[in-house]
Amino acid sequence: MRQDHFFYRIINDIIRLLLAGVVFLLLLHSVFSTSFVGRIFLEDGSEQERTLNIADNPLRHLLAFALLTVVLLAGRKLWDVVRRRNERMETEGQAKDSACRGSELFWGLILLTVILAAAYVAMTQLYPGSDPAKVYGIAMQWRQGDFSSFEEGAYLFCYPFQSGIVLYFYLLSFLFGEGNFVGPQLVNVGFLAVIYGILAKMSGLFGPSGETGGEGFWKKRRGLQAMVYIGLLIWVPLGFYVTYLYGILPGMALSLGAVYFAQKYLADRRYRHIAAASLCMGLATVIKMNCLIYLIAIACFLVCDAIGLLLQPKENRRGNWRVSLLFIVCMGFGVAFCTQASNRLVEQIAGQELSEGEVMISWVVMGMQEAPLGPGGYNGYNGNVFAENNYDTERAKQDSLEELKKIVTRMSENPLDEGLPFLARKTAFQWNDPTFICLDRTWGRKAQVQIPEWLKSVIGGRGGVRLSVLLNYMQTWILCGMLLCLFLRWRRGGLCELMGAVVFLGGYLFHLFWESSASYTIPYFVLLIPYAVCGMEEWTAFLQLGVDRLRGIPGNGGETAEKPAARAAWSGKAGKALTAALALGFCLLVIAFTRTNLFDRTIALDDDRQGIDASEQFYQTGIWERPY
């Protein structure tokens, strides 16, 4: 999929503009406020969990980004020295081939991931909690011949789509033993390594020419792939979810496998990738239905590929447009087949039929309502409307649609008081917690072993505060890096490299209206890290070349993959003008916006102004200081 056809350029521009708008909005949230799970006191004196917001300091974030830039520039100089030394050694036959070194480094990082994550599981051995406890508990009930979860009003009667993840744990119990929850956590360790490995491999798409081509393409830029993997290791929130027995990690690993094979197909047009992607997609949706977002993103690129092939002369086509459309059909068939196979197996095991369950539209209604934990969070509406209508799916659907119409009408009639503030607070609730509630999902759960004191501090004490502050700055770095990647690779980047970013965009749009939770959005945020690393690399190359030009130095240390890209960025007047115009527009927007009360109610959220001691809770001072 090349970038030189006008059709691809138009699609590329549209996608990058949409992504830039969404990422910039999240960046504003990140630098002006920070969200976290805190507590409020009710009128009866009891406590209730609530997502709170505290004011952040944009200047500190700017200084932190400047410091990161300086560190990366210094690291770049050191890397150039090491690279030139290795090139001389290779010329003299004293060093291993760079491809061999890159492969060893990649598998070494995979092994490091497994060791660190498995050590964390061994040191905690946390019992499942919250929804995972329900799902895992039902799987163990199956082992004992108890299928009461299918009875009217019970868990699987209301949520039949969760039967896939229950079946997954049920089958794993034959491998690890009944009630052994540590075994599935170790399987999550493997899925975590797969996720990191695929994301690192996919960063090979960030080539200097912006095109794909053949198997050799995925072996380019091994240095960038290593940096992406290291970035994934440093950003730790996803790693904490290895003890969270839900569909997040296995679903994400399988979905990314589908994305990877789809990109491989667009690179080499080999049909075996179609079968692999279809199988991965089918298994992913059995475990977690939200993985359909990945399928839609892949389908969009395949449709673009088919249209692009039709617009090109036959002699220049690198593939058959019919096969690209057939790819979509195969993935749909894979999802349908795996879903039906899973449902039939569940019904055979339980000896009961799966119900229709709660209507999906009720989740949208719930996602547009206030909830105890935060805007759009779980408040029980979906279960209540189902029970109030005597479990009649059609009547529950009608009531949900009527309620949704009322919500939409109210928000559209009062957009500045109802609509925008609600959606902005919901966005912060889901995306602006720098830990993505990984510590909240861990803290308070019982353990089979004595957890080391230092690890207790990280999970729920002063160490957790320090980690949250560090992750707060990292979140800004990731979003800034993503924006830089979008702008600096605007014309040179290949359309195919945006597939992961489009999955993120789909996740953002979906959860803008669906039930909210930071644990739901973390699989999409982590997709930004490869783009952020690439963006920071391009940014440092851009700055270094600018400094060299000011000093009158024509070149520095030979050509690398990113130097032609930086040179193109400096020489492209149109690209510089576009970037300057967008930056000026964003600055004017911020200046104008900050002069309104709406800015305080949408971006610069601060619950301290409401009389809540949110800052004390976040930093664990005063009465909120925890014992470890």
Please identify which of these residues, [options], meets the side-chain contact (heavy atoms from CB on, under 4.5 Å) condition with [X].
| X | options | answer |
| --- | --- | --- |
| L249 | L254, V194, I195 | I195 |
| P523 | L238, I248, N290 | I248 |
| T243 | V182, N188, T124, V189 | T124 |

Could you check if a side-chain atom of [X] sits within less than 4.5 angstrom of a side-chain atom of [Y], using non-hydrogen atoms only?
| X | Y | answer |
| --- | --- | --- |
| I293 | Y508 | no |
| E370 | R425 | yes |
| F327 | H273 | no |
| N180 | S173 | no |
| L295 | V335 | yes |

Look up atom [atom1] in [X] and atom [atom2] in [Y], then write down how far apart they are to the nearest 0.5 Å.
| X | Y | atom1 | atom2 | answer |
| --- | --- | --- | --- | --- |
| I437 | Y244 | CD1 | OH | 6.5 Å |
| M123 | K456 | CE | NZ | 13.5 Å |
| S35 | L605 | OG | CG | 6.5 Å |
| L256 | M499 | CG | CE | 11.5 Å |
| F181 | L245 | CZ | CG | 8.5 Å |
| W443 | F240 | CH2 | CZ | 15.0 Å |

Would you please say whether a donor-acceptor pair under 3.5 Å links the side chains of [X] and [Y]?
| X | Y | value |
| --- | --- | --- |
| Y246 | S130 | no |
| D440 | T435 | no |
| Y155 | Q162 | yes |
| S33 | N53 | no |

Side-chain donor or acceptor of [X] paired with backbone N/O of [Y] under 3.5 Å:
| X | Y | answer |
| --- | --- | --- |
| S278 | I274 | yes |
| N432 | T427 | no |
| T521 | A518 | yes |
| D146 | S148 | yes |
| D392 | R395 | yes |
| K397 | I361 | no |
| D613 | E616 | no |
| T285 | C291 | no |
| Q263 | M202 | no |
| S355 | F157 | yes |

Got more than 12 heavy atoms from elsewhere within 6.0 Å of [atom1], [X]?
| X | atom1 | value |
| --- | --- | --- |
| E356 | CD | no |
| Q144 | CD | yes |
| Q348 | CD | no |

Discussion item. Is there a side-chain hydrogen bond (donor to acceptor under 3.5 Å, both in side chains) between Y241 and S519? Walk through the geometry before answering.
Written reply: CA-CA 9 Å; Y241 276 91; S519 63; 4.7 Å; no

Discussion item. Test salt bridge (Lys or Arg N to Asp or Glu O under 4.0 Å) on E347 and R344; report intermediate values, then the result.
Written reply: CA-CA 5 Å; E347 291 176 344; R344 297 293 81 79; 3.0 Å; yes

Show me the donor-acceptor pairs within less than 3.5 Å that the side chains of residues 463-471 make with the rest of the protein, sequence neighbours left out.
unit_1, atom_1, unit_2, atom_2, d
S468, OG, G464, O, 2.8

Report, one line per pair, each donor and acceptor closer than 3.5 Å where one atom sits in a side chain of residues 401-411; sequence neighbours left out.
unit_1, atom_1, unit_2, atom_2, d
T409, OG1, K405, O, 2.8
R410, NE, E418, OE1, 3.4

Item to complete: Check the pair F161, W363 against ring-ring contact (aromatic ring centres under 6.0 Å, His included), reporting the backbone distance first and the verdict last.
Response: CA-CA 13 Å; F161 55 85; W363 265 271; 5.6 Å; yes

Worksheet entry | R441 NZ/CZ over F436 ring centroid, <6.0 Å and within 45° of normal | no

Might you point out which heavy atoms bring [X] and [Y] nearest each other, and give the distance in Å?
| X | Y | value |
| --- | --- | --- |
| M331 | L302 | CE-CD1, 4.0 Å |
| P160 | L354 | CB-CD2, 4.3 Å |
| S400 | S362 | OG-CB, 3.6 Å |
| G164 | S342 | CA-OG, 3.9 Å |
| L19 | L505 | CD2-CB, 3.9 Å |
| A117 | L192 | CB-CD2, 4.1 Å |

Item to complete: Test side-chain contact (heavy atoms from CB on, under 4.5 Å) on M474 and I234 and set out the steps.
Response: CA-CA 9 Å; M474 288 190 66; I234 294 174; 3.7 Å; yes

Fill in: Partners passing ring pair (Phe, Tyr, Trp, His ring centres under 6.0 Å) against Y168 (at least two apart in sequence or in another chain)
none

Worksheet item: Can you tell which of Y524, F510, W431, Y531 makes a ring pair (Phe, Tyr, Trp, His ring centres under 6.0 Å) with F504?
Response: W431

Worksheet entry | Sole candidate of F176, Y127, F169 that passes ring pair (Phe, Tyr, Trp, His ring centres under 6.0 Å) when paired with Y136 | F169

Item to complete: Begin with the C-alpha distance, continue with both residues' side-chain angles, and end with the deciding distance and a verdict on side-chain contact (heavy atoms from CB on, under 4.5 Å) for S517 and Q430.
Response: CA-CA 5 Å; S517 175; Q430 299 183 102; over 6 Å; no

Practice prompt. Evaluate the ring planes of W142 and F150, with Trp represented by its six-membered ring, and classify them as parallel (under 30°), tilted (30 to 60°) or perpendicular (over 60°).
Written response: parallel

Worksheet entry | side-chain contact (heavy atoms from CB on, under 4.5 Å) evaluation trace for Y120 with T442 | CA-CA 12 Å; Y120 171 67; T442 307; 3.4 Å; yes

Worksheet item: Testing Q185, Q448, K446 for side-chain hydrogen bond (donor to acceptor under 3.5 Å, both in side chains) with Q125, which one passes?
Response: Q448

Fill in: Aromatic contact, F386 with Y391 (centres under 6.0 Å)
yes

Item to complete: Apply the test side-chain contact (heavy atoms from CB on, under 4.5 Å) to residues L232 and L199: give CA-CA distance (whole Å), side-chain angles for both, the deciding distance (0.1 Å), then the verdict.
Response: CA-CA 9 Å; L232 291 165; L199 287 175; 3.9 Å; yes

